[in-house]
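First the proteins, then the strands, lettered A, B, ... as listed; each starts at 1. What you see below is based on every heavy atom in this structure, not just the backbone, and it leaves out hydrogens, waters and symmetry mates.
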Amino acid sequence: MASLELKNIAKRYKGETVLDDVSLSVAEGETLVLFGPSGAGKTVLLRLVAGVIEPDQGQVLIGGEDMTDTEAEDRGIGMAFQNFALFPHMSAFENIASPLEAQRATPGAIRAGVEAVARLLKIDHVLGHAPRELSNGQKQRTALARALAGAPPILLLDDPLRNVDAKLRFEMRLELPRLLAEQNATVIYVTQDYKEAMALGDRIAVMSNGRIEQIGTPADIYLDPANIDIASLFGDPIINLLEVTPAAGSKGLAAQISGVPVRLGNRDPAIAGQEMVMGIRPEAIGFVSAKSKAAIPVDVEAETPLNEKTVTLAKTAGGREILISRPAGTPGPASGKAYISIDGEAALLFAKSDGTRAGKGGQDLETEGEAA
Amino acid sequence: MEYTSPLEKTLRAIALTLVVIFFMFPILWIFLMSFQTNETILRVPPSVVFEPTLTNYQALITGKLETSAASLEINFMRNLFNSVFLSVASVAVAMLLGVPAAYAFARHKFRGSEDIAFTLLSFRFAPPLLVLLPLALYFQQIGLADTYIGLIWVYQLICLPLILWIVRGYFEDISPDIEYAYRIAGHSWFATFRKIALPLAGPGIAAAGLLAFIFAWNNFIFALVLASADKQPVTVGALAFITASGIQYGQIAAGIVLSIAPTLALALYAQKYLVEGLSLGAVKG
């Protein structure tokens, strides 16, 4: 186990900035998920840590030691590649054995080590096979086994579930946290799947355009996103974004949706009168009866039953589309006119101009205080 | 799968047969000639019916050429040995220098790397004679004329660019991730080169080596200008069959059969190494 720290890392390719002053620290034994759209620089960052790409500037510290100029083989890292990168001319056994061979283990120790990790990943029956004879899932497990075999203090996983089918991805998402915890390693896990990020990460670092936009626990990122982009990346169905201009009223700030005031609770009064985007999670909206207070009339456009929830697409009188999510089996209108109520206090407000968070609610301000 | 009619199949078979006959006939004819005397070869009209004789091969192997006028000494076996030695040594040297160089050009983009690679290729552009005449003078001054070392050196003009450029392409086709994975597993760059890059580029290296061997084997002009009789390969040595008392077609044919045998054998042997597909399934594309 070792801590990992990146200081002011920058990397350019042909004049294009891929990583822009990235600093990051991962504690011993922590699992940090690097999350972001493709092209955000996640893979480049991971390879920088592995030592196969050199940064233009900045430092890579492993266990407190500056490893910026250390060769990849001397960094004590295990890495699983998105494309598996198995050695095609070696059997699965030889593939997994390669880190142990590099450590000059005895043949007996190599055999024992490979078999142990293969059993853990349930590929012990295909160890004699060449990579081309393995299914995608087995290839992925072999690649993972190879990364784990040397018991590296630092484990880098570059979107290992990207190229496997949905069923296996689901299984592995359940299995991986236990597996990673058993390894006792510091882990950086790259993914584009927010569910994977939420399930696996002790903390999540959200990257875009070569920068880290926000680092925090999965709950932080979900409940307290730093900007609109992050809010829309996390959550399924996607967060509702409604343009509003909050106004100060007798009972604090409120936003008008279809002429109905939605109270925003205790917030920074400075945002009154400014153009804002209100983000509301689909599960923070519920159907209500017409007589309820602050009921907003909508037309139900479509209903999509998913396994554990039902998602309804509705349109307000002003033509705004709103997604409403409710647990499966609870009653709700399938079509026609309906009324909804919005929990304004749970709404996230963003400045319309640049998408950053603005006018945080009272509750949010409290958590902010705790974090600091 | 497209459907092919029986007619199309038949026509295709006929076309293929014609092509094969067109290309193989000279070789077959030379093979037949090598078992005939000059008299049967030169009769009109030619015929495939003759009494086979081994005198041509006998003459080549014993080194005594019996013509109607006199008995001549020829050095065919010596030439054959020179051909084998020069080609094998040249290809070996070119491999030793070219394969690591190809790897460097494929993996490390350093300043001027493209220019150097292109310069090496450009050795093949100049007409050989243009290079050879001044080279012959230099070689005489530094004592390399008429030596094996001098010839092998010049043969690099043929072998090195060929190996460099073909093998470079094969190295470039290997996913760098596979090499990174081996490095990260804890192996040095040299171990990665030996255990990952070389085996994966194996078919390419075999193909390049075979081609370089064939080019070196068939070379005529270098040894003609730069070497004397005892260092010359069969391509130059065959000139000895044009004697004062006529051209010895039978011996020439036998000489050709003997001199294409090694390349043919090598090509057949190397065939299995030329089969690609080794890297299939390693990287998800």
Between [atom1] on residue [X] and [atom2] on residue [Y], distance to nearest 0.5 Å:
X      : Y     : atom1 : atom2 : result
B:D177 : A:L86 : CG    : CG    : 11.0 Å
B:R183 : A:I77 : CZ    : CD1   : 12.5 Å
B:I178 : A:F87 : CD1   : CZ    : 8.0 Å

Other residues, nucleotides and ligands only: do more than 12 of their heavy atoms fall within 6.0 Å of [atom1] on [X]?
X      : atom1 : result
B:F110 : CZ    : yes
B:K9   : NZ    : no
A:E133 : CD    : yes
A:E16  : CD    : no
B:I149 : CD1   : no
B:W153 : CH2   : no
B:F190 : CZ    : no

TODO: Using modelled atom types only, decide if a donor and an acceptor are shared between the side chain of B:H187 and the backbone of A:S98 within a distance under 3.5 Å.
DONE: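 Such a contact is found between B:H187 side chain and A:S98 backbone.
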
Task: Short side-chain to backbone donor-acceptor contact, A:H89 and B:K195, under 3.5 Å - done: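 Indeed, once roles are kept as given, a pair shorter than 3.5 Å links the two residues.
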
Task: Nearest atoms (heavy-atom pairs only) where A:E73 meets B:S188 - done: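 Closest approach of A:E73 to B:S188, heavy atoms only: OE2-CA, 3.4 Å.
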
Open item on the list: Could you report the tightest heavy-atom contact between B:A185 and A:A102, atom names first, then the distance?
Closed with: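 Answer, listing the atom of B:A185 first, then A:A102: O-CB, 3.4 Å.
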
Open item on the list: Is the shortest side-chain heavy-atom distance between B:Y182 and A:M90 below 4.5 Å?
Closed with: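 Yes, close enough: below the 4.5 Å cut-off.
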
Task: Pair A:F81-B:I184, side chain to side chain contact (heavy atoms under 4.5 Å, CB included): steps then yes or no - done: CA-CA 11 Å; A:F81 288 75; B:I184 292 169; 4.0 Å; yes

